[in-house]
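Everything on this sheet refers to the single structure shown next.
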Amino acid sequence: MFDYRKATFDDVEAIHKLCNHYAAQNLMLPRSRNSIYENLRDYVVAIQDGQVIGCGAVHFVWNRLAEIRSLAIDPSLVKSGIGREIVSRLEKNAQERGTKMFFTLTYQPGFFQKCGYTSSDKEKLPQKVWKECVYCPQYPYCNEQALVKILPGYEAPENKLI
Ligand SMILES: CC(C)(COP(=O)(O)OP(=O)(O)OC[C@H]1O[C@@H](n2cnc3c(N)ncnc32)[C@H](O)[C@@H]1OP(=O)(O)O)[C@@H](O)C(=O)NCCC(=O)NCCS
């Protein structure tokens, strides 16, 4: 019913529209076209009838650590399994390059819990995670929650990273 693939330049306008639709409701960070172009390799899109109806990105942050972000599903298609499928594909792409730990900052902890993430203390994330926060309209009064997923069998360095 839905197709999934890596994003291309042709998808940028649709990704921009989806993310900023939800950013306008303060549900996620706004994304500029420039940021989407520069990070296009991070993105996976979901397609229905040739149209982009969902997107998400995985961004490498530190050693074996990646952030799941910019997840947005067309409002008419939420709760159709698309978000979970995109997260799964993003994780697979990142694991192929050695990622062992994922985190996300979100207002939708329930969704990420369904994807196998658990709540964490924001302070445990590396400081460089916060470099984007200064661009957020809600900075410094942000209530996003941090959730993490550590792959089975991997021992995260104690008190470091996550
Ligand atoms: C959050 C979002 C990405 C979820 O995507 P989705 O395609 O609707 O989610 P799925 O259909 O894959 O849901 C997977 C599971 O999570 C549950 N779920 C979905 N959204 C949820 C939410 N907001 N809270 C709690 N559970 C949720 C579903 O019911 C489903 O559970 P089930 O397996 O028991 O049936 C989507 O609703 C969205 O685009 N929201 C607005 C933008 C946003 O907040 N993005 C997150 C920024 S990081």
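Values below: every heavy atom of this structure, side chains too, minus hydrogens, waters and symmetry copies. Ligands are counted one by one from 1 in listed order, and the atoms in each one are counted from 1 as well.
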- Query: More than 12 non-hydrogen atoms from neighbouring residues, nucleotides or ligands closer than 6.0 Å to NZ on Lys17, yes or no?
  - Reply: no
- So, the side chain of Thr104 versus the backbone of Ile68: is there a donor-acceptor pair under 3.5 Å, distance only? yes
- Item | Ser32-Asn34 side chain donor-acceptor pair, cut-off 3.5 Å | no
Tabulate distances under 3.5 Å between N/O atoms of ligand 1 and N/O atoms of the protein, writing both atom names on each line.
residue: ligand 1; atom: 7 (O); partner: Gly83; partner atom: N; Å: 2.7
residue: ligand 1; atom: 8 (O); partner: Lys79; partner atom: N; Å: 2.6
residue: ligand 1; atom: 11 (O); partner: Ser80; partner atom: N; Å: 3.2
residue: ligand 1; atom: 11 (O); partner: Gly81; partner atom: N; Å: 2.7
residue: ligand 1; atom: 12 (O); partner: Gly83; partner atom: N; Å: 3.4
residue: ligand 1; atom: 12 (O); partner: Arg84; partner atom: N; Å: 2.9
residue: ligand 1; atom: 23 (N); partner: Gln108; partner atom: OE1; Å: 2.7
residue: ligand 1; atom: 33 (O); partner: Arg84; partner atom: NH1; Å: 3.3
residue: ligand 1; atom: 33 (O); partner: Arg84; partner atom: NH2; Å: 2.5
residue: ligand 1; atom: 34 (O); partner: Lys114; partner atom: NZ; Å: 2.7
residue: ligand 1; atom: 39 (O); partner: Ile73; partner atom: N; Å: 2.8
residue: ligand 1; atom: 44 (O); partner: Gln108; partner atom: NE2; Å: 3.4
residue: ligand 1; atom: 45 (N); partner: Leu71; partner atom: O; Å: 2.8

- Item | Transitive ILVMFWY side-chain link Ile47 to Leu18, under 4.5 Å | yes
- Item | Option passing salt bridge (charged side-chain N to carboxylate O under 4.0 Å, His left out) with Glu91 (candidates Lys149, Lys100, Arg97) | Lys149
Using a 3.5 Å cut-off and no angle test, enumerate the donor-acceptor pairs between side-chain atoms of residues 79-88 and protein atoms at least two apart in sequence or in another chain.
residue: Ser80; atom: OG; partner: Leu77; partner atom: O; Å: 2.6
residue: Glu85; atom: OE2; partner: Arg89; partner atom: NE; Å: 2.7
residue: Glu85; atom: OE2; partner: Arg89; partner atom: NH2; Å: 3.3

